Amino acid sequence: MRRRRMGALHVVGEPRVSFQQQPAAVVAKNGHGAVVEEIHGLIRVYKDGHVERLPAIPTVPCTWGGTAPDAPGGVVARDVVVDPATGVWARLYAPMTTTTTSAGGGGTGRPPVVVYFHGGGFCVGSAAWSCYHEFLAQVAARAGCAVMSVDYRLAPEHRLPAAFDDGLAAVRWLRHQAQAAASLGAAACDDLSWWRARCGFDRVFLMGDSAGASIAFHVAARLGQGHLGALSPLTVRGAVLIQPFFGGEARTASEKNMAQPPRSALTLPTSDGYWRLALPGGASRDHPWCNPLSRAAPRLETVPLPPLLVCISEMDILGDRNLELCRAMRKAGKCVEQAMYGGVGHAFQVLHNCHLSQPRTQEMLAHIKAFVSAR
């Protein structure tokens, strides 16, 4: 695990995050050469390959004893190593109470499990960022879910498909926990037995925002193609894609025309910068990992996907691309629900950078709960 600090969790208030331009790096002092790629306030990449990530958002440690702020009924969380070989870890959440969402298709009656992937253009972000910790505590408490928030490897040190591979590794780890729960049951007594007892492994949902939604999409497709073999006793019931981060060489109308405020989490130059850092060297934005609707991508009719909920922000430059993806998936015969959130931009639910962020976040949590409860 990359972070070792553990302790009681205290998060106060509602963070309002903006990414302001940082002073240019002083080449003579760092010895890494010129800055060849920079997303202001978040990441710098130097000529010699050195990567500097800036502390734009605080991280918070947690233990089983840490309770999330404003979480009705209380939520507990703990960090666990998912893949010792890569250092991938996850933060696990579960509501203290045993009240669950209704299992529309039957099931154990235990809370469904959400496997969550954070945003950050594949290049920044962490499951330990305070904004994600707060949001996922709300998902656990208000949507009645156990949550596994995955801290996957980041580009450019680990370009795609590393994040997709880590997503599969997370599902593999979850399958192992489900098998342990099925074989040992109440006899299991280890650090994770309490969390497993609150997981309905027959109702698993892949979820993520921005780049994390792209990871959820590609992991869902890989699972449908049998990349992990039989998932039993896991059952993936659906995927929730929040402002999914996709791109393409041809610009959409919202990419060209949607003016973004200074505090916006995603502008067109930022989007392009993330893709340059995340895609394999020399790949264009019509690479299938960036543009699932490009000619190079598999036909959507052939891509096995579970039911999808796509959450779209009205003021997001990705809005038109998200709508286009929904239309294409419906045309391909996929089960797709979409929800539009008016007056807010990209990542509003975690960055709280708009006066409408809080009410729109509550709308989103209600939509997520309804989607999960129906399955």
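These numbers were taken from a predicted model, which means no experiment stands behind them.
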Trp195 reachable from Val139 in the ILVMFWY side-chain graph, under 4.5 Å edges | yes
Side chains of Tyr341 and Glu363: any donor to acceptor distance under 3.5 Å? no
- Basic-acidic side-chain contact under 4.0 Å: Asp165, Arg222: yes
Is it the case that the side chain of Asp320 and the backbone of Ser254 share a donor-acceptor pair, with hydrogens and angles ignored and the cut-off at 3.5 Å? yes
ask   = If we only count heavy atoms from C-beta on, is the Leu279 to Phe122 side-chain gap below 4.5 Å?
value = no
Check whether any side-chain heavy atom of Asp191 sits under 4.5 Å from a side-chain heavy atom of Arg78, and report yes or no. yes
Return yes if some donor-acceptor pair links the side-chain N/O of Arg203 with the main-chain N/O of Val372 below 3.5 Å, else return no.
yes
Original post:
Hey, does Leu223 have a side-chain heavy atom less than 4.5 Å from the side chain of Leu168?
Top reply: yes
On a heavy-atom basis, the closest approach of Gly224 and Pro304 is C-CG, 3.3 Å
Heavy-atom nearest pair, Leu277 first then Arg159, reads O-NH1, 3.1 Å
**OP:** Evaluate the criterion side-chain contact (heavy atoms from CB on, under 4.5 Å) for residue pair Ser130 and Ile57; output intermediate values, then yes/no.
**Re:** CA-CA 7 Å; Ser130 59; Ile57 296 176; 3.7 Å; yes
In the structure I gave you, are the side-chain heavy atoms of Cys199 and Gln177 within less than 4.5 Å of one another anywhere? no
- [ ] Measure from NZ or CZ of Arg375 to the centre of the six-membered ring of Phe371 and say whether it is under 6.0 Å with the direction within 45° of the ring axis.
- [x] yes
Margin query: Could you see if Leu268 belongs to whatever hydrophobic cluster contains Leu325? Use Ile, Leu, Val, Met, Phe, Trp, Tyr and a side-chain cutoff under 4.5 Å.
Written below: no
Tightest non-hydrogen contact, residues Val219 and Gly167, listed as CG2-CA, 3.8 Å
For Leu293 and Ala328 the tightest heavy-atom approach is CD2-CB, 3.7 Å
For the residue pair Asn322 and Leu241, establish whether any side-chain heavy-atom pair is separated by less than 4.5 Å. no
Between Gln179 (side chain) and Leu234 (backbone), is there a donor-acceptor pair under 3.5 Å?
-> no
Between the CD1 atom in Ile242 and the CG atom in Leu309, the distance rounded to the nearest 0.5 Å is 8.0 Å
Output for pair (Met207 CE, Ser149 OG), nearest 0.5 Å, gives 11.0 Å
Original post:
Can you tell if the side chain of Phe117 reaches within under 4.5 Å of the side chain of Ser214, non-hydrogen atoms only?
Top reply: no
Gly343 backbone acceptor or donor facing Glu314 side chain under 3.5 Å:
yes
Do Ser126 and Asp151 meet the criterion of a side-chain donor-acceptor pair at a distance under 3.5 Å?
-> yes
Rounded to the nearest 0.5 Å, the CH2 atom of Trp275 sits from the CG atom of Leu160 at a distance of 6.5 Å
Open item on the list: Assigning hydrophobic clusters by single linkage (Ile, Leu, Val, Met, Phe, Trp, Tyr; side-chain heavy-atom cutoff under 4.5 Å), is Tyr274 placed with Trp129?
Closed with: yes
- So, Glu157 and Arg53, do they make that salt bridge, N to O below 4.0 Å? yes
Subject >> Candidate pair Val240 and Val114, rule side-chain contact (heavy atoms from CB on, under 4.5 Å), full reasoning >> reply: CA-CA 9 Å; Val240 179; Val114 166; over 6 Å; no
Quiz item: Counting only N and O atoms by type, is there a donor-acceptor contact under 3.5 Å from the side chain of Tyr116 to the main-chain atoms of Ala127?
Solution: no
Looking only at heavy atoms, the pair that brings Gly120 and Ala211 closest together is N-CB, 4.3 Å
Practice task
Group every Ile, Leu, Val, Met, Phe, Trp and Tyr by side-chain heavy-atom contacts under 4.5 Å, then state whether Leu323 and Ile317 land in the same group.
Solution key: no
**side-chain contact (heavy atoms from CB on, under 4.5 Å) between Arg285 and Asp272, intermediate numbers included** = CA-CA 8 Å; Arg285 292 190 305 273; Asp272 290 349; 3.7 Å; yes
For Ser313 and Gln243, does a side-chain donor sit closer than 3.5 Å to a side-chain acceptor? yes
Using a 3.5 Å distance criterion without hydrogens, assess whether the side chain of Arg360 forms a donor-acceptor pair with backbone atoms of Gln349.
no
Rounded to the nearest 0.5 Å, the CG atom of Leu356 sits from the OG1 atom of Thr361 at a distance of 10.0 Å
Sorted by chain and residue number, the side-chain contact (heavy atoms from CB on, under 4.5 Å) partners of His158 (sequence neighbours excluded) come out as Arg153, Ala162
Rounding to 0.5 Å, atoms CZ (Arg142) and NZ (Lys369) come to a distance of 11.0 Å
Check: Glu38 side chain to Arg44 main-chain N or O, any donor-acceptor pair under 3.5 Å?
Finding: no
Give a yes or no on whether a salt bridge exists between Asp190 and Arg196, defined as a side-chain N under 4.0 angstrom from a carboxylate O.
-> yes
Distance col, row Arg295:CZ vs Asp286:CG, nearest 0.5 angstrom, shows 9.5 Å
### Query
How far apart are the C-alpha atoms of Cys311 and His367, what are their side-chain angles, what is the distance that settles it, and do they pass the side-chain contact (heavy atoms from CB on, under 4.5 Å) test?
CA-CA 9 Å; Cys311 300; His367 291 147; 5.6 Å; no
message = I'd like to know if the side chain of Tyr93 reaches the main chain of Ala141, judged simply by a donor and an acceptor atom lying under 3.5 Å from each other, with no hydrogens or angles considered.
response = no
What I'd like to find out is whether the side chain of Met329 reaches to under 4.5 Å of the side chain of Val310, using heavy atoms alone.
yes
Looking only at heavy atoms, the pair that brings Pro112 and Gly144 closest together is CD-O, 3.5 Å
Do you reckon Leu266 sits in the same ILVMFWY cluster as Phe217, going by side-chain contacts under 4.5 Å, direct or chained?
no
Contacts satisfying salt bridge (Lys or Arg N to Asp or Glu O under 4.0 Å) that involve residues 300-309 (not counting sequence neighbours) are Arg299-Glu301
Without swapping roles, check the side chain of Asp209 against the backbone of Gly212 for a donor-acceptor pair under 3.5 Å.
-> no
Side-chain (Trp89) to main-chain (Val150) donor-acceptor, under 3.5 angstrom: no
Mutual orientation of the aromatic rings belonging to Tyr46 and His50 [parallel < 30°, tilted 30-60°, perpendicular > 60°]
tilted
_Test item: Pro307 and Arg237 side chains (from C-beta on) under 4.5 Å apart, heavy atoms_ = no
